[in-house]
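Presented below is the structure to which this report refers.
Start at 1 and go down the list; that is how both ligands and their atoms are numbered.
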Amino acid sequence: MFFASDNAGPVLPEVMNALQEANQGYALGYGNDDLTQAVTAHIREIFEAPDACVYLVPTGTAANALALACLAQPYQTIFCAPMAHIHEDECAAPEFYSGAKLTPVGADDKITPADLKAEIERALERGFQGVRPGAVSISQVTEFGQVYSLDEIKALSDVARAYDLPLHLDGARFANALSALGTTAAEMTWKAGVDAVSFGGTKNGCMGVEAVVLFDASKADEFEARRKRGGHLFSKHRYLAAQMQGYLANDLWLGTAAKANGAAQRLIDGLRAIEGVVFDYTPQANVLFCALPLAAHARLQEAGAVYYALHASDTHQHVRLVCDWATSDAAVDQFLGLVKG
Ligand SMILES: *Cc1c(COP(=O)(O)O)cnc(C)c1O
C-alpha cells in the first residue's frame, strides 16, 4: 500500500527494455544521435507541431526552470498558483535560472482569469519600482490533483495574450491530465494558447526524463545555451532518448496514465462510499487530498500503508494519496478495507 507519490513506483519494463536496446555500440553524445532525433520527431508528431523545439532533460525542475528562463527576463515576474511546484518545491530554481521573481496569483490551487488579470494589473500599477509582467505558468495536473478544462486554459491564455505574456504549462503529470480530459496534446497546449510545455515522463513510468516543448522555434538557441550552461545537457544523451522512446511507443504513456487515473478512481469511489471521509479538493486525475477519521489513519499506519500525512484536526487526518501505473487493485482494496475498519 504505497500512495506517497508517483515517483516512487518502478520504471516501466518497456522503458527498461528500450534502455537495454539502446545500450549497443557507439552513438554520438549531446543529442546528436539517431534515437534523440527520432524521439524529438515523435514528440512533435504527438503535439501536431512540426516546427516546435523539443529538448530532453532529466528532471521536471530543470524542464520548468529552463523553459521559464526562456520566457521571462530578470526584471520581470512569472505569475503562478501559490502552491505551484515552481513556487513551493523547486528551491527557487525558476528564479535562479530566469532571474525573474515569482508572483503567486489568488489563494487557490487553480488560477482564475480574474485573479490573473488583477495580479498583472497590480504589477503594472507598481510602475518603475516594481517588476514587469513576464510570463504565466500553470500546472496540469495541478498540485492538488485538479485539472484545468480546455476552456479554463483558453480563458487564462486570453488574459496572458492580452498583456503579451507567454503561457507555460508544467505537465509533470501531462499524460494524467490528457487522459482525464480525453483530449489531445495539441488541444491541451498550443491550440489553447500554451507557448511552452514541460512534458513529464518520470512520474508516469520513466526512470528520469522530461521533455521541454517550445512552440516558438525562435527560442531554440537560447534554450540550448541555457541547458548547457545550467549543466543539464546530458552527455550520453541516447539514454534519455531511449527512455522516452520506450515510454511513447505504441501509446504506452497514455495507457499507463489511464491506469494510474483508474486506480485513483477506484480509491476515490471507495472513499466516497465511506462515512467520515471528506475530500479537500475535487480529485480529477491520479492525486487526491482527503481527510480520514483519526482511527482510520491509525489502522493504516499500523498496517504499514505509506502516504503523506498533512495537517490534522481533533477528528481527522488530512492526507495526500497518489496512484501510479503500477498501483494494484489489491493495494487499493486493502487500503479501503482499513479505512472502513
Ligand atoms: C514532480 C513535479 C515536478 C518535477 O519535479 P522533479 O522532482 O524536479 O522531477 C514538476 N511539477 C510538478 C507539478 C510536479 O508534481
Side-chain angles (χ1 to χ4, degrees), residues 2-9 11-12 15 55-69 71 78-98 102 104-105 108-111 135-148 153 156 167-181 188-189 194 196-213 226-227 230-232 234 240 243-244 247 253 256-257 260-261 264 281 283-289 307-308 310 320-325:
F2 206 105
F3 298 95
S5 183
D6 38 3
N7 63 10
V11 173
L12 288 160
V15 169
Y55 300 105
L56 303 182
V57 290
T59 71
T61 299
N64 288 340
L66 293 170
L68 288 168
L71 302 182
I78 298 160
F79 299 95
C80 63
M83 287 307 292
H85 201 272
I86 59 168
H87 189 239
E88 286 285 312
D89 303 304
E90 299 187 357
C91 196
E95 289 96 323
F96 177 66
Y97 281 91
S98 67
L102 295 193
V105 175
D108 273 330
D109 179 38
K110 275 174 154 182
I111 301 178
V136 180
S137 178
I138 58 173
S139 304
Q140 176 81 322
V141 177
T142 69
E143 284 69 17
F144 287 109
Q146 304 189 101
V147 175
Y148 287 95
I153 298 173
L156 288 171
L167 177 61
H168 165 255
L169 185 143
D170 175 355
R173 298 190 176 90
F174 190 95
N176 303 92
L178 213 55
S179 173
L181 290 178
M188 199 168 81
T189 60
V194 172
V197 180
S198 302
F199 176 76
T202 308
K203 284 181 174 143
N204 195 28
C206 292
M207 182 186 289
V209 66
E210 319 270 311
V212 173
V213 182
R226 287 185 178 281
R227 178 177 56 167
H232 284 296
F234 243 51
L240 287 186
Q243 293 180 60
M244 210 31 113
Y247 177 65
W253 63 294
T256 52
N261 289 7
Y281 294 88
Q284 291 174 292
N286 65 322
V287 179
L288 65 106
F289 286 73
Y307 49 89
Y308 279 106
L310 311 164
R320 181 183 90 148
L321 305 171
V322 188
C323 296
D324 78 340
W325 65 275

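- Under a 3.5 Å cut-off, the side chain of Thr142 and the backbone N or O of Gln146 do form a donor-acceptor pair.
- For the salt bridge (Lys or Arg N to Asp or Glu O under 4.0 Å) test, residues two or more places apart in sequence or in another chain that qualify with Asp6 are Arg173.
- With sequence neighbours left out, the side chain to side chain contact (heavy atoms under 4.5 Å, CB included) criterion links Ala135 to Leu71, Ala72, Ile78, Pro166.
- Closest of all the heavy-atom pairs between Glu88 and Met83 is CG-CA, 3.9 Å.
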Contacts table for ligand 1: protein N or O within a distance under 3.5 Å of ligand N or O, distances only.
{"residue": "ligand 1", "atom": "8 (O)", "partner": "Gly60", "partner atom": "N", "Å": "3.4"}
{"residue": "ligand 1", "atom": "8 (O)", "partner": "Thr61", "partner atom": "N", "Å": "2.8"}
{"residue": "ligand 1", "atom": "8 (O)", "partner": "Thr61", "partner atom": "OG1", "Å": "2.5"}
{"residue": "ligand 1", "atom": "9 (O)", "partner": "Gly60", "partner atom": "N", "Å": "2.9"}
{"residue": "ligand 1", "atom": "11 (N)", "partner": "Asp170", "partner atom": "OD1", "Å": "3.2"}
{"residue": "ligand 1", "atom": "11 (N)", "partner": "Asp170", "partner atom": "OD2", "Å": "2.6"}
{"residue": "ligand 1", "atom": "15 (O)", "partner": "Arg173", "partner atom": "NH1", "Å": "3.1"}
{"residue": "ligand 1", "atom": "15 (O)", "partner": "Lys203", "partner atom": "NZ", "Å": "2.5"}

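- Judged by distance alone, the side chain of Asn204 and the main-chain N or O of Trp253 form a donor-acceptor pair under 3.5 Å.
- Not counting sequence neighbours, the partners of Gln140 by the side chain to side chain contact (heavy atoms under 4.5 Å, CB included) test are Val147, Tyr148, Ile153, Leu169, Ala177, Leu181, Met188.
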